[in-house]
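Note: hydrogens, waters and symmetry copies are ignored here, and every other heavy atom, side chains too, is used. Remember, it's 1-based here, ligands and their atoms both numbered in the order they're listed.
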Amino acid sequence: MTISALQKARAAYQPKLPKSLKGAVKLVDGAATESIADQAEIKKLFPNTYGMPLVTFEEGAAASVPAFNVGVILSGGQAPGGHNVISGIFDGIKKLNTGSKLYGFLGGPGGLVDHKYVEITADFLEGFRNTGGFDIIGSGRTKLEEEAQFDKGLEILKKLNIKALVIIGGDDSNTNACVLAEYYAAKKAGVQVIGCPKTIDGDLKNEMIETSFGFDTAVKVYSELIGNIQRDANSAKKYWHFIKLMGRSASHIGLEAALQTQPNITLISEEVAAKKQTLGEIVDYMAGIIAKRGNNGENFGVALIPEGLVEFVPEMKALIAELNDLLAEGSETEKKFKSYTDKAEGRAFVAGILSAESAKVYKSLPGGIADQLTLDRDPHGNVQVSLIETEKLLGEMVKARLKEMKKAGGYSGKFGTQYHFFGYEGRCAAPSNFDADYCYSLGYTASVLIGAGKTGYMASVRNLTAPADQWIAGGVPVTMMMNMERRHGHMKPVIQKALVELDGAPFKYLAANREKWAAETSYLYPGPIQYWGPTEVCDRPTKTLELEKA
Ligand code: FBP
């Protein structure tokens, strides 16, 4: 196989490990834990895995462990560093006993249920070390929720003599990993389940999990691109670039990218929701900045827009909920709507059946966007919010607003737009040194937890703003991160999703500086991820982590 020069050089990179993982490891049990809320309900639902202690590692004396087999699953969206988690597990279990084996289930959790797997050998793994992507075994979005799936999975786990399963995923996948751990523990099935925190969205974090892996690399890639665009904008001085950034619901990616690049406008969904802003108010805010810059002769700029924005705008959320009901598959209203061949007539029909408030919002949308809300639906019949071109919606609405301002004499500039959506550009990037080291350490940590017989734990590596050898590795009971939430009409135990905190240091830094960044051109150009060179360039964690831990 031909590989690039960078791939070749990167293959030789030895990820850094915390000091406690370098030799033989001793486990230290800390205090017993409680869930963050709803303790009585969660305890009842997880009688075997609730209240377990936090675990940290220390250097210990070498001990011999019989050979054992482990299975691994990559779950959900790709995130840079997944291959290094697998490398860490592999090297960790081999260190405990060279006869141990690692099996990868193919295509995500579905591979466990469908008994599709591959043995991950040293040779097979070699080409994947320090590379981006999940292509080593593939990923998928099948949810492991049903007992029938758990039982089907147990058949293959038993057949392969697998002692433990590592599930690498986001909040939902780790919630399900914990349910699986509890199920196997209750059944005395002899299979441990360990989770690893993955998602570029950065919304799986808490007191014990400082960041999810992949966030660092993905945002550094987006920030490089944003910096390049800012340089172009400041050179040509003729375009406003509206850039939508991935992140299904939380705005951590947009916030971190803003801290790295200092653009003129940054929208944060959580702030929009907290202030109950309307689309009109968001458009006024953006048009105000654009007009001010335009009146100063600066007809250019960069605006960052989080992917999940529309669902955080209360009036849009209400509109989407109404549309989901009215256009539910098989309903009379859906049938009638589908009978319209003329798009404008279809829109008029929809406007007629919506509530007065939602109809007003719907009618204020550009036709193309209104069509996206009614035509593109997922298999469950819901609007696919991620397909809505929010950047174009805002661009068109801002344009209309500026036209009015011009008429009224408040604006004398020109407004030309370029639209971008950054997401897939970063999800499989070659992991930064931070993610390469963090992921390898997480995988290694998982192997130690398995060796010690733990189940229902998530691998945790903390103190991440310090050099890697000072990182603190250990395990956190997943039940500790849980609370009860309403999902699809039922109360369920789930890991609490971490949204951007408006009283947190990263957002406060943005809020304190954004007026200056809006008026002046204060762009920062972070440039591409560097793998070799000065530590402050190559091993720097995200600004979010730095500010949170300052
Ligand atoms: P995970 O939470 O599964 O890690 O995925 C995150 C994400 O990258 C989101 O940012 C994005 O909205 C979504 O996946 C897109 O996924 P897909 O390509 O499967 O539609």
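Annotation: atom 8 (O) of ligand 1 to nearest protein heavy atom, Arg427 NH1, 3.0 Å. The nearest heavy-atom contact from the protein to atom 13 (C) of ligand 1 is Arg248 NH2, 3.4 Å. Counting protein heavy atoms only, atom 12 (O) of ligand 1 is closest to Glu307 OE1, 2.9 Å. Closest protein heavy atom to atom 2 (O) of ligand 1: Thr199 OG1, 3.3 Å. The protein heavy-atom contact nearest to atom 18 (O) of ligand 1 is Tyr424 OH, 2.7 Å.
A donor atom on one side chain and an acceptor atom on the other are found under 3.5 Å apart for Asp91 and Tyr440. Using modelled atom types and a 3.5 Å distance limit, the side chains of Thr199 and Ser212 yield no donor-acceptor pair. Remark: the Asn264 side chain and the Tyr523 side chain contain an N/O donor-acceptor pair separated by less than 3.5 Å. Residues Ser251 and Glu270 bring a donor and an acceptor atom of their side chains to less than 3.5 Å of each other.
Counting the atoms of ligand 1 from 1 in the order shown, those under 4.0 Å from a heavy atom of Lys198 are 1 (P), 3 (O), 4 (O). For ligand 1 and Gly77, the ligand atoms under 4.0 Å from any heavy atom of the residue are 1 (P), 3 (O), 4 (O), 5 (O). Counting atoms of ligand 1 from 1 in the listed order, those under 4.0 Å from a heavy atom of Ile200 are 8 (O).
No N or O atom of Gly76 sits closer than 3.5 Å to an N or O atom of ligand 1. Considering backbone and side-chain N/O atoms, Ser75 never comes within less than 3.5 Å of an N/O atom of ligand 1.
Between Glu334 and Lys338 there is a salt bridge, with a side-chain nitrogen of the basic residue lying less than 4.0 Å from a carboxylate oxygen of the acidic one. Using a 4.0 Å cut-off between charged side-chain N and carboxylate O, Glu210 and Lys549 make a salt bridge. A salt bridge does not link Asp201 to Arg248: none of the charged side-chain nitrogens sits closer than 4.0 Å to a carboxylate oxygen.
Distances from ligand 1 to the non-hydrogen atoms of Gly170 include no value under 4.0 Å. In this structure, Gly247 has a heavy atom closer than 4.0 Å to ligand 1.
Ser432 pairs with exactly one of Thr542, Val221, Ile529, Asp539 by the side chain to side chain contact (heavy atoms under 4.5 Å, CB included) rule, that one being Ile529.
With a 4.0 Å cut-off on non-hydrogen atoms, Arg141 touches ligand 1 through its side chain and not its backbone. By the criterion of a heavy-atom distance under 4.0 Å, the side chain of Asp201, and not its backbone, is placed next to ligand 1.
Using a distance-only test at 3.5 Å, with no hydrogens or angles considered, no donor-acceptor pair links the side chain of Lys198 to the main chain of Leu74.
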